[in-house]
Amino acid sequence: MLSSGKTKQPQSWGRYPKVEHSQVQPVYWRSELPDLSNLQQPVLPYAYGRSYGDSCLNEGGISLDVSHLQRFISFDEQQGLLRCEAGVSLAEILEVMVPRGWFLPVTPGTKFVSVGGAIANDIHGKNHHRVGTFGCHVTRFELLRSNGERLICSPDQNGELFRATIGGLGLTGIILWAEFHLKPIVNPYIDMDHIRFASLDEFFEISSESDQDYEYTMSWVDLLIGGDNLCRGIFMRGNHNQSRALASKPMKKRLPLALPFDFPSFALNILTVKAFNELFYHAQLSKRVHKVVSYDPFFYPLDSIHDWYRMYGKRGFLQYQFVVPFQNGHQAMKEILGRIRRSGEGSFLTVLKKFGNIQSPGMLSFPRPGLTLALDFAYGGQKTLQLLDELDKIVLQSGGAVYPAKDARMSAESFQAFFPNWKEFAQYVDPHFSSSFWRRITAVRTQSQELVAP
Ligand SMILES: Cc1cc2nc3c(=O)[nH]c(=O)nc-3n(C[C@H](O)[C@H](O)[C@H](O)COP(=O)(O)OP(=O)(O)OC[C@H]3O[C@@H](n4cnc5c(N)ncnc54)[C@H](O)[C@@H]3O)c2cc1C
């Protein structure tokens with residue numbers, strides 16, 4: 001999202017950190033591309049700013065607004081192969097392709113992300129255990145490097161640059177267009193189950209019983225219950241509905257609500273989070289509910305409130321998503337949940353999921369087999385940052401990692417331990433590209449403990 005005001009500074013979804021770019025340069029046409037070699041400051045592509053932290057920001061540098069690259073190029077109906085410019089959003093693809101019987105191979109919890117952003121963060125969805133990440137479905141793309149080269153990248157052509165750009169955080173060049181597989185569907189509806197669970201053990205049971213038969217799984221969780229159960233929540237699972245009769249049934253249009261102002265910072269606190277959790281958990285009266293719903297509320301419940309980040313107030317918020325391997329998952333969760341409870345910080349939206357073992361081609365890709373939890377914390381200054389540093393230590397000890405697309409504060413030491421092949425990746429970073437995130441996580445400490453860019 002571009003902030004309002006004279007200079008339209010790019011922001012990230014969490015609105016933390018707030019940074020100034022020296023310039024925002026739009027890119028409109030593939031035939032009229034900027035000469036990147038002559039720019040005085042480092043550049044970074046920016047699309048819809050649905051990254052939570054600073055991986056889409058480039059403080060003091062140039063932000064290249066690539067969201068105008070919005071053209072569909074071709075569709076091969078035999079193979080389900082779509083080629084489009086990288087600024088096309090997943091929302092636009094759904095709008096055009098669902099009525100023709102095709103769906104996205106992988107989608108995140110919002111449809112307002114671009115194809116370029118989906119590749120650069122190698123996003124995952126509710127079907128990670130079945131089909132891996134978005135990058136697993138990309139067959140090729142064209143990459144513009146700052147020396148003016150336009151390279152076709154695929155597993156067989158410029159293969160290393162292909163692997164570096166998937167999950168490459170926008171640092172290897174501008175993706176101009178991409179080609180990827182869509183999946184056939186019979187109609188736009190989802191057979192959905194909601195199942196209440198009362199403990200982490202019960203989550204594991206339902207999850208194991210669902211992995212085989214359900215393409216999409218994820219859970220909303222309440223972490224504040226304390227005790228040996230560790231958490232409770234609602235397990236959500238679904239499959240594409242197979243009825244031909246529903247193919248022509250019109251979907252209800254959801255009119256998005258908008259938050260007209262920033263909530264005051266006291267509005268979100270441990271008591272309001274507890275009250276919300278209580279309501280949400282008990283809103284479902286029976287243990288198990290089955291419904292047929294259109295894909296929109298199933299995949300994108302948050303998109304029904306535009307600008308919901310304003311709920312966290314002007315100071316913004318941080319999302320923290322980590323993965324821990326299954327063998328250490330229970331212990332790590334216990335420590336992390338205990339630490340959060342002691343901190344007195346509450347997370348409104350907490351999502352729990354199991355990642356599967358399908359490996360992405362991306363060098364820096366985040367998902368790996370294990371348990372992943374995503375939490376939102378209102379930014380409360382040093383105490384929030386300290387809590388997250390402590391959580392990093394537990395994640396590290398368990399052999400896990402933190403998701404760069406959502407991060408705004410992890411240390412260079414933590415990043416380099418979470419992603420040990422970052423040095424291999426660094427060889428493919430374009431010399432004129434950089435980001436606030438990249439400078440932070442590659443900075444080295446001097447003897448006086450000052451951070452110095454590499
Ligand atoms: C409500 C919500 C739910 C979400 N749920 C999930 C989820 O379930 N799973 C998940 O994985 N993520 C999730 N995300 C995160 C989101 O999917 C990613 O951050 C995504 O990459 C954002 O895409 P964007 O188009 O907004 O890109 P931006 O945020 O603008 O940029 C993201 C990165 O892509 C790079 N980039 C953008 N376009 C190009 C291009 N053309 N060429 C090269 N690099 C480019 C940028 O430099 C930056 O590094 C969620 C975010 C929100 C707000």
Side-chain angles (χ1 to χ4, degrees), residues 1-2 10-15 27 30 33 42-58 61-70 84-92 104 106-128 132-135 141-145 153 164-178 216 218 299-309 311 317 319 321 323 349 351 353 355 360 362 364-367 372 374 376 403-407 429-430 433-438:
M1 64 183 158
L2 291 169
Q11 294 187 157
S12 62
W13 192 250
R15 294 199 293 177
V27 180
R30 278 184 288 139
L33 294 165
V43 297
L44 184 75
Y46 176 90
Y48 296 108
R50 255 57 182 192
S51 301
Y52 282 80
D54 58 357
S55 65
C56 62
L57 302 176
N58 187 17
I62 299 166
S63 181
L64 289 173
D65 178 359
V66 288
S67 65
H68 306 283
L69 293 173
Q70 276 197 1
C84 64
E85 290 185 341
V88 171
S89 72
L90 301 190
E92 286 154 336
L104 297 162
V106 168
T107 178
T110 172
K111 60 186 172 187
F112 301 118
V113 312
S114 65
V115 167
I119 296 174
N121 277 326
D122 198 15
I123 56 162
H124 56 270
K126 295 179 172 61
N127 55 355
H128 183 271
T133 60
F134 194 86
F141 49 78
E142 185 180 9
L143 192 69
L144 173 71
R145 301 276 288 180
C153 302
T165 302
I166 295 177
L169 302 161
L171 296 163
T172 60
I174 306 180
I175 304 165
L176 297 174
W177 57 260
Y216 303 108
M218 59 81 84
F299 289 105
Y300 313 114
L302 288 172
D303 285 349
S304 61
I305 308 175
H306 268 320
D307 302 343
W308 59 260
Y309 57 84
M311 198 170 74
F317 72 105
Q319 180 158 110
Q321 181 171 358
V323 54
L349 294 165
V351 172
K353 184 171 164 53
F355 279 149
S360 162
L364 272 198
S365 199
F366 159 70
T372 181
D376 287 346
Y403 192 9
K406 302 193 171 173
D407 178 68
V429 171
D430 187 293
F433 281 53
S434 185
S435 67
S436 297
F437 176 86
W438 185 244

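Residues: numbered from 1 along the sequence shown. Computation of the quantities below employed the complete heavy-atom set of this structure, encompassing side-chain atoms and omitting hydrogens, waters and symmetry-equivalent molecules. First listed ligand is number 1; within each ligand, the first listed atom is number 1.
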Has ligand 1 got any nitrogen or oxygen that is less than 3.5 angstrom from a nitrogen or oxygen of Pro108? no
Going by distance only, is there an N or O of Thr110 that falls short of 3.5 Å from an N or O of ligand 1? no
With sequence neighbours excluded, residues passing side chain to side chain donor-acceptor pair (under 3.5 Å) with Thr372: Gln321
Among protein heavy atoms, which lies nearest [atom], and at what distance?
| atom | result |
| --- | --- |
| atom 42 (N) of ligand 1 | Ile175 N, 2.9 Å |
| atom 29 (O) of ligand 1 | Ser51 OG, 2.7 Å |
| atom 48 (C) of ligand 1 | Ser55 O, 3.7 Å |
| atom 39 (C) of ligand 1 | Pro45 CB, 3.8 Å |

Answer side chain, backbone, both or neither: which part of Tyr48 comes under 4.0 Å from ligand 1, heavy atoms only. both
Ligand 1-proximal atoms of Trp438, by part, heavy-atom distance under 4.0 Å: neither
I'd like to check the ring-ring contact (aromatic ring centres under 6.0 Å, His included) partners of Tyr300; sequence neighbours left out, ordered by chain and number. none
Proximal ligand 1 atoms for Ala86, defined as those under 4.0 Å from one of its heavy atoms: 41 (N)
What atoms of ligand 1 come closer than 4.0 angstrom to any heavy atom of Ile174? 42 (N)
Looking only at the side chains, is there a donor atom on one of Ser436 and Asn58 sitting less than 3.5 Å from an acceptor on the other? no
